[in-house]
Visitor: 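Sharing a structure with you now.
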Amino acid sequence: MLVIRKDLVDEIVAHARRDHPDEACGVIAGPAGSDRPERFIPMVNAARSPTFYEFESGDLLRLYREMDSNDEVPVVIYHSHTATEAYPSRTDVSYASEPEAHYVLVSTRDDQPAGEPEFRSYRIVDGEITEETVEVVETYMFSHTGADDVPDCR
């Protein structure tokens, strides 16, 4: 399951809409070992393509060095599909090199209900795609315990 703050979902969707008709891409970094996406990092699609995304190698190297110095990891790797559903393509699967990351896809295709983009998350390990539930929260406080476990302060 991917637990992600609403503001980060909004940032991903806004980035996908801004870059449409080209695919948008980026990373959300988080503290190593936490599985908690915190820092939104939009990247430039070096391919500038509506059907393919590619991180610019220099930008990616700088990003990984920065994350390493901050003791962060790529918790979410995201990109958009502009004309198809939010499901990993064969190319997406072949490029998936972070087995611990959540691969988020957002579709900005025109035929979606109420104009809302499709937002889905996957784990991709050794070429195998597993869709996972996405829980959107306002804050990470108590998100791992459920609303019924909030302490009573009376």
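These numbers come from a predicted model, not from an experiment.
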Visitor: Just to verify, what does Glu85 make a side-chain contact (heavy atoms from CB on, under 4.5 Å) with, not counting sequence neighbours?
Guide: Tyr87, Arg109, Glu118, Arg120
Visitor: Check side chain to side chain donor-acceptor pair (under 3.5 Å) between Thr84 and all other residues, then give those that pass, not counting sequence neighbours.
Guide: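 Side chain to side chain donor-acceptor pair (under 3.5 Å) list for Thr84, sorted by chain: His81.
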Visitor: Does a side-chain heavy-atom distance below 4.5 Å link Pro37 with Arg5?
Guide: no
Visitor: How far apart are the C-alpha atoms of Met67 and Arg39, what are their side-chain angles, what is the distance that settles it, and do they pass the side chain to side chain contact (heavy atoms under 4.5 Å, CB included) test?
Guide: CA-CA 10 Å; Met67 286 190 301; Arg39 187 166 62 95; 4.0 Å; yes
Visitor: Check this for me: Glu100, atom CD, are more than 12 non-hydrogen atoms of other residues, nucleotides or ligands nearer than 6.0 Å?
Guide: no
Visitor: Under 4.5 Å between side-chain heavy atoms, hopping through other hydrophobics if needed: is there a path connecting Val73 to Tyr64?
Guide: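 No, it is not one cluster - the side chains of Val73 and Tyr64 are not joined through contacts under 4.5 Å.
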Visitor: Who passes side chain to side chain donor-acceptor pair (under 3.5 Å) against Asp68, sequence neighbours left out?
Guide: none
Visitor: Restricting to non-hydrogen atoms, name the atom on Val106 and the atom on Ala16 that form the minimum distance, rounded to 0.1 Å.
Guide: CG1-CB, 3.6 Å
Visitor: Below 4.5 Å, heavy atoms only, C-beta onward: do Leu63 and Phe55 meet side chain to side chain?
Guide: no
Visitor: Starting from Ile77, can I reach Ile129 by hopping between I/L/V/M/F/W/Y residues whose side chains sit under 4.5 Å apart?
Guide: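 Yes, because Ile129 and Ile77 connect within a single hydrophobic cluster, where side-chain heavy atoms sit under 4.5 Å apart.
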Visitor: Is Ile12 reachable from Met1 through a run of hydrophobic residues whose side-chain heavy atoms are each under 4.5 Å from the next?
Guide: yes
Visitor: Can you tell me how far apart CD (Glu23) and OG1 (Thr108) are? Round to the nearest 0.5 Å.
Guide: 8.5 Å
Visitor: With Arg123, which residues qualify under side chain to side chain donor-acceptor pair (under 3.5 Å), at least two apart?
Guide: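 Scan of Arg123 (side chain to side chain donor-acceptor pair (under 3.5 Å), adjacent residues dropped) gives His102, Glu132.
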Visitor: Ignoring hydrogens, what is the shortest heavy-atom contact between Tyr140 and Val3? Give both atom names and the distance.
Guide: CE2-O, 3.7 Å
Visitor: Say you draw a straight line from CD of Glu131 to CD1 of Ile124; how long is it, rounded to the nearest 0.5 Å?
Guide: 11.0 Å
Visitor: For the atom pair CD (Glu72) and OG (Ser34), what is the distance rounded to the nearest 0.5 Å?
Guide: 9.0 Å
Visitor: Count I, L, V, M, F, W, Y as connected when their side-chain heavy atoms are under 4.5 Å apart, and connections chain through other members. Are Tyr122 and Ile28 then in the same cluster?
Guide: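 Each belongs to a different hydrophobic cluster.
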Visitor: Can a donor-acceptor pair be found, under 3.5 Å and without considering hydrogens, that links the side chain of Tyr78 to the backbone of Val13?
Guide: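 Answer holds: no.
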Visitor: May I ask whether Val137 and Val134 are part of the same hydrophobic cluster, defined by side-chain heavy atoms of I, L, V, M, F, W, Y residues being less than 4.5 angstrom apart, directly or through others?
Guide: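 Yes, Val137 connects to Val134 through the hydrophobic network.
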Visitor: Tell me, with the steps shown, if Phe119 and Val136 meet side chain to side chain contact (heavy atoms under 4.5 Å, CB included).
Guide: CA-CA 11 Å; Phe119 188 98; Val136 180; 5.7 Å; no
Visitor: What are the two closest heavy atoms between Thr82 and Pro50, and how far apart are they?
Guide: OG1-O, 2.8 Å
Visitor: Calculate, to the nearest 0.5 Å, the distance between atoms CG and CE belonging to Asp59 and Met43 respectively.
Guide: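 So the CG of Asp59 and the CE of Met43 are separated by 5.0 Å.
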Visitor: Hey, what else clusters with Phe52 if you join Ile, Leu, Val, Met, Phe, Trp, Tyr whenever side-chain heavy atoms sit under 4.5 Å?
Guide: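 Via sub-4.5 Å side-chain contacts, Phe52 links to Tyr95.
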Visitor: Suppose we screen for side chain to side chain donor-acceptor pair (under 3.5 Å). Which residues come up paired with Asp19, at least two apart in sequence or across chains?
Guide: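 Asp19: side chain to side chain donor-acceptor pair (under 3.5 Å) contacts with His15.
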Visitor: Please find the pair of heavy atoms, one from Pro74 and one from Ala101, that lie closest to each other, and give the distance.
Guide: O-CB, 3.5 Å
Visitor: Check the pair Glu56, Arg62 against side chain to side chain contact (heavy atoms under 4.5 Å, CB included), reporting the backbone distance first and the verdict last.
Guide: CA-CA 10 Å; Glu56 198 281 321; Arg62 279 187 291 283; 4.2 Å; yes
Visitor: How many angstroms lie between atom CZ of Arg18 and atom OG of Ser80, to the nearest 0.5 angstrom?
Guide: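 Interatomic distance, Arg18 CZ to Ser80 OG, rounded to 0.5 Å: 11.0 Å.
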Visitor: What do the steps show when you test Tyr103 against Asp92 for side chain to side chain contact (heavy atoms under 4.5 Å, CB included), and what is the final call?
Guide: CA-CA 9 Å; Tyr103 285 89; Asp92 296 337; over 6 Å; no
